[in-house]
Amino acid sequence: MKIMTQLMTEDGIRCDGRRVDQLRNISIKVGVLKNADGSAYIEFGKNKILAGVFGPRDVHPKHMANQDTGILRCRYHMSPFSVTERKNPAPSRREIEISKVLKEALQPALILKDFPRTVIDVFVEVLQADGGSRCAALDAAAVALADAGIPMRDLVSACAAGKVADRIVLDVNNEEDQEGQADMPVAIMPNVGKVTLMQLDGILTTEEYKTCLQTAIGGCRTVYEIQRKALVEKYFESGDK
Ligand code: ADP
């Protein structure tokens, strides 16, 4: 079958050389922006993403302020050079959707009630995208929120799984996303033990769905260790505790 020969060899090696259960290389650097309250830069395979956080701070416009709770705003933006076809700089439907997805996936980790009448702003700039950018963006944003000193119930760790050449695979890349059979981005609060994001593009059987979800959760747990190490590196090993 065309898809199978293109996306996976008979030995189960994927188009970028990975095994089915293998994540791409991930590196996270905390506190990379001087003017944001918190920030992080992530490389997740070929994805390169910056997240900057401001707040809690006064809400503008003022009428958006809530007397009872703080609010979270997220903006996911792709730079024009982040994809092969120059992306129109105007916000696309996809960027608006992903901004909403990021907000809903991060919000359960924040204790917004403690900061009434304020806003926390999360800005995500995708410098280079290669499939799974919403998950990588979440991973960077969660670390940036922690870097901003915002009280959190837990980190949020995200990773996708999917179905490619009839097999469930961890961490779907761009080619697999475009040509594969399913893509399931997942985010969890690893210590609280809750899923805060689960989307599914494609069709899976019930069994495949369960395997795919468990595979993605396993990936999220690995990502969590990398996020934790990046924070420890900044706050406990660099000397500026
Ligand atoms: P995610 O990046 O979270 O997987 P999608 O599934 O919508 O989100 O996108 C998959 C990939 O498709 C992106 O990571 C990016 O590499 C590519 N892509 C998204 N938008 C565009 C675009 N406007 N032009 C070219 N490629 C794009």
Side-chain angles (χ1 to χ4, degrees), residues 3 6-7 14-18 20 22-28 40-51 74-107 122-144 156-165 168-188 195-204 208-209 212-213 215-220 222-223 226-227:
I3 287 177
Q6 276 186 337
L7 292 179
R14 294 153 73 180
C15 57
D16 56 9
R18 283 182 293 153
V20 287
Q22 194 177 346
L23 276 171
R24 289 173 282 185
N25 290 336
I26 302 170
S27 70
I28 301 175
Y41 172 67
I42 188 166
E43 290 190 1
F44 198 123
K46 292 184 189 144
N47 290 290
K48 296 185 178 188
I49 300 175
L50 261 175
C74 293
R75 193 196 71 177
Y76 167 102
H77 179 253
M78 283 187 125
S79 73
F81 47 76
S82 62
V83 287
T84 44
E85 301 281 311
R86 177 182 171 277
K87 197 209 136 270
N88 187 325
S92 63
R93 283 182 61 164
R94 178 178 168 276
E95 287 170 298
I96 294 165
E97 179 224 321
I98 296 182
S99 298
K100 179 173 180 285
V101 163
L102 298 189
K103 175 185 150 116
E104 289 174 6
L106 290 168
Q107 196 153 274
V122 175
F123 296 101
V124 165
E125 291 293 325
V126 179
L127 308 177
Q128 185 167 287
D130 190 40
S133 68
R134 76 194 61 201
C135 291
L138 272 173
D139 298 328
V143 168
V156 173
S157 309
C159 184
K163 184 178 170 187
V164 173
I168 300 300
V169 302
L170 179 61
D171 182 19
V172 174
N173 68 28
N174 187 38
E175 259 170 299
E176 293 173 331
D177 183 41
Q178 308 297 326
E179 315 259 337
Q181 294 147 296
D183 177 29
M184 181 194 278
V186 171
I188 62 168
V195 171
T196 67
L197 163 72
M198 207 281 297
Q199 294 184 286
L200 174 59
D201 186 7
I203 297 170
L204 298 173
E208 285 171 341
Y209 163 80
C212 200
L213 183 58
T215 303
I217 289 174
C220 295
T222 308
V223 169
I226 299 166
Q227 291 173 301

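Just follow the structure's listing: the first ligand is 1, and inside any ligand the first atom is 1. Scope of the values below: all heavy atoms of this structure, side chains included, with no hydrogens, waters or symmetry mates.
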Is there a donor-acceptor pair closer than 3.5 Å between any side-chain N or O of Asn47 and the backbone N or O of Asp130?
->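 Side chain of Asn47 to backbone of Asp130, a donor-acceptor pair under 3.5 Å: yes, one is there.
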N/O donor-acceptor pair under 3.5 Å between Gln181 side chain and Gly202 backbone = no
Basic-acidic side-chain contact under 4.0 Å: Arg75, Glu125 = yes
Between Arg18 and Glu176 the two heavy atoms that sit nearest each other are NH2-OE1, 3.8 Å
Value rounded to 0.5 Å, distance of CD1 in Ile49 from CD1 in Ile28 = 10.5 Å
Ignoring hydrogens and angles, state whether a donor on the side chain of Gln199 or Glu97 is under 3.5 Å from an acceptor on the partner side chain.
->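 Looking only at side-chain atoms, Glu97 and Gln199 do form a donor-acceptor pair, the distance falling under 3.5 Å.
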Do any nitrogen or oxygen atoms of ligand 1 lie under 3.5 Å from a protein nitrogen or oxygen, and which ones?
| from | atom 1 | to | atom 2 | distance (Å) |
| --- | --- | --- | --- | --- |
| ligand 1 | 2 (O) | Arg94 | NH2 | 3.2 |
| ligand 1 | 2 (O) | Gly132 | N | 3.4 |
| ligand 1 | 2 (O) | Ser133 | N | 2.8 |
| ligand 1 | 2 (O) | Ser133 | OG | 2.6 |
| ligand 1 | 3 (O) | Ser133 | N | 3.3 |
| ligand 1 | 3 (O) | Arg134 | N | 2.9 |
| ligand 1 | 3 (O) | Arg134 | NE | 2.8 |
| ligand 1 | 4 (O) | Gly132 | N | 2.8 |
| ligand 1 | 6 (O) | Asp177 | OD2 | 3.0 |
| ligand 1 | 7 (O) | Arg94 | NE | 2.6 |
| ligand 1 | 7 (O) | Arg134 | NH2 | 3.3 |
| ligand 1 | 8 (O) | Arg94 | NH2 | 3.0 |
| ligand 1 | 8 (O) | Arg134 | NH2 | 3.1 |
| ligand 1 | 9 (O) | Arg94 | NH2 | 3.4 |
| ligand 1 | 12 (O) | Asn174 | OD1 | 3.2 |
| ligand 1 | 12 (O) | Gln178 | NE2 | 3.1 |
| ligand 1 | 14 (O) | Gly131 | N | 2.7 |
| ligand 1 | 16 (O) | Ala129 | O | 3.4 |
| ligand 1 | 16 (O) | Gly131 | N | 3.3 |
| ligand 1 | 16 (O) | Asn174 | OD1 | 3.4 |

